[in-house]
K.L.:
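To start, I am sharing the structure in question, which I have written as structure tokens.
Reckoned from all heavy atoms, side chains included, excluding hydrogens, waters and symmetry mates. This is a predicted model, so every value here is computed, not measured.
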Amino acid sequence: MPARLLAVALAIVATIAVARGHHDRADDGRFDYYLMSLSWSPSYCEAHPGDEDQCAHKGFGFVLHGLWPQNRDGSWPQHCSSNAEPDAATVERTLAFMPSRRLIEHEWQTHGSCTGLEPSAYFDLADRAFASVKIPDALKTPASAPSMSADEIVAAFAAANRGLDGRMVTVQCRDGGELSEVRVCLDRDSLGPTDCGGRVRSSCRAGALRIAVVR
């Protein structure tokens with residue numbers, strides 16, 4: 001093959017390879033909605049007292065555990081290929097609502113990398129998502145443990161947030177009876193409440209839960 005034709009052929013192959021690479025990266029953003037996990041920090045800190053970023057008498061109530069891409073069929077993407085990492089400025093901003101450097105790194109690698117967003121844009125979105133859901137007064141920073149069941153926690157979130165109902169929020173418990181997380185399903189575009197898809201359900205037993213007190 002003449003050198004000129006060979007060069008043209010190689011250029012075409014390279015163009016196709018680049019196009020395929022862009023397509024693969026675009027696939028990372030294919031999902032249906034977000035599942036936002038709000039971690040009850042007092043419970044976490046009882047189990048992880050050495051985590052100085054989040055615990056050490058920081059006084060946190062609910063903090064953001066993660067903003068996770070989800071699909072209606074109950075599947076979810078994770079650990080998507082990405083060479084990007086959150087920079088120092090992004091980490092510092094994110095610590096205000098996700099107070100753990102290790103968790104920030106984990107959430108980007110496991111979930112954020114599958115959104116099709118750069119790290120700074122993903123954590124900015126996570127910040128807006130966290131701010132979009134109002135914490136019920138009874139669960140802001142209670143000085144004494146409130147007596148609430150999982151159903152009552154769902155009802156309290158629904159009452160505090162317009163458009164939110166029991167199909168859009170679940171409660172997660174440690175050992176079935178200790179409040180661990182509240183998870184809220186959000187529209188991927190508007191961040192408004194949306195119905196949860198398959199396999200998203202509460203994991204708490206009936207009756208009043210143990211709710212650790214904010215310290």
K.L.:
Do Phe62 and Trp40 make the cut of ring centroids closer than 6.0 angstrom?
P.N.:
yes
K.L.:
In terms of relative ring orientation, are His65 and Trp68 parallel, tilted or perpendicular, with 30° and 60° separating the classes?
P.N.:
perpendicular
K.L.:
Looking at Glu46, I'd like to know if its CD atom is crowded, meaning that more than 12 non-hydrogen atoms belonging to other residues, nucleotides or ligands lie closer than 6.0 Å.
P.N.:
yes
K.L.:
Please indicate whether Glu152 has more than 12 foreign heavy atoms, meaning atoms of other residues, nucleotides or ligands, lying under 6.0 Å from its CD.
P.N.:
yes
K.L.:
Please check if the side chain of Thr194 supplies one atom and the backbone of Asp187 the other of a donor-acceptor pair under 3.5 Å.
P.N.:
no
K.L.:
Donor-acceptor pair, Lys134 side chain versus Ala159 backbone, under 3.5 Å?
P.N.:
no
K.L.:
Does the side chain of Ser149 come under 3.5 Å of the side chain of Asp151 through a donor N or O and an acceptor N or O?
P.N.:
no
K.L.:
Report the C-alpha distance between Glu181 and Arg174 in whole Å, list the side-chain angles of each, state the deciding distance to 0.1 Å, and finish with yes or no for salt bridge (Lys or Arg N to Asp or Glu O under 4.0 Å).
P.N.:
CA-CA 9 Å; Glu181 298 181 5; Arg174 187 168 62 189; over 6 Å; no
K.L.:
Tell me whether Arg93 forms a cation-pi arrangement with Phe123, defined as NZ or CZ under 6.0 Å from the six-membered ring centre and within 45 degrees of its axis.
P.N.:
no
K.L.:
So how far is it from Arg188 CZ to Tyr34 OH, rounded to the nearest 0.5 Å?
P.N.:
6.0 Å
K.L.:
Does a donor on one side chain and an acceptor on the other come within less than 3.5 Å for Gln54 and Ser100?
P.N.:
no
K.L.:
Have Arg183 and Ser203 got a donor and an acceptor in their side chains that come within less than 3.5 Å?
P.N.:
no
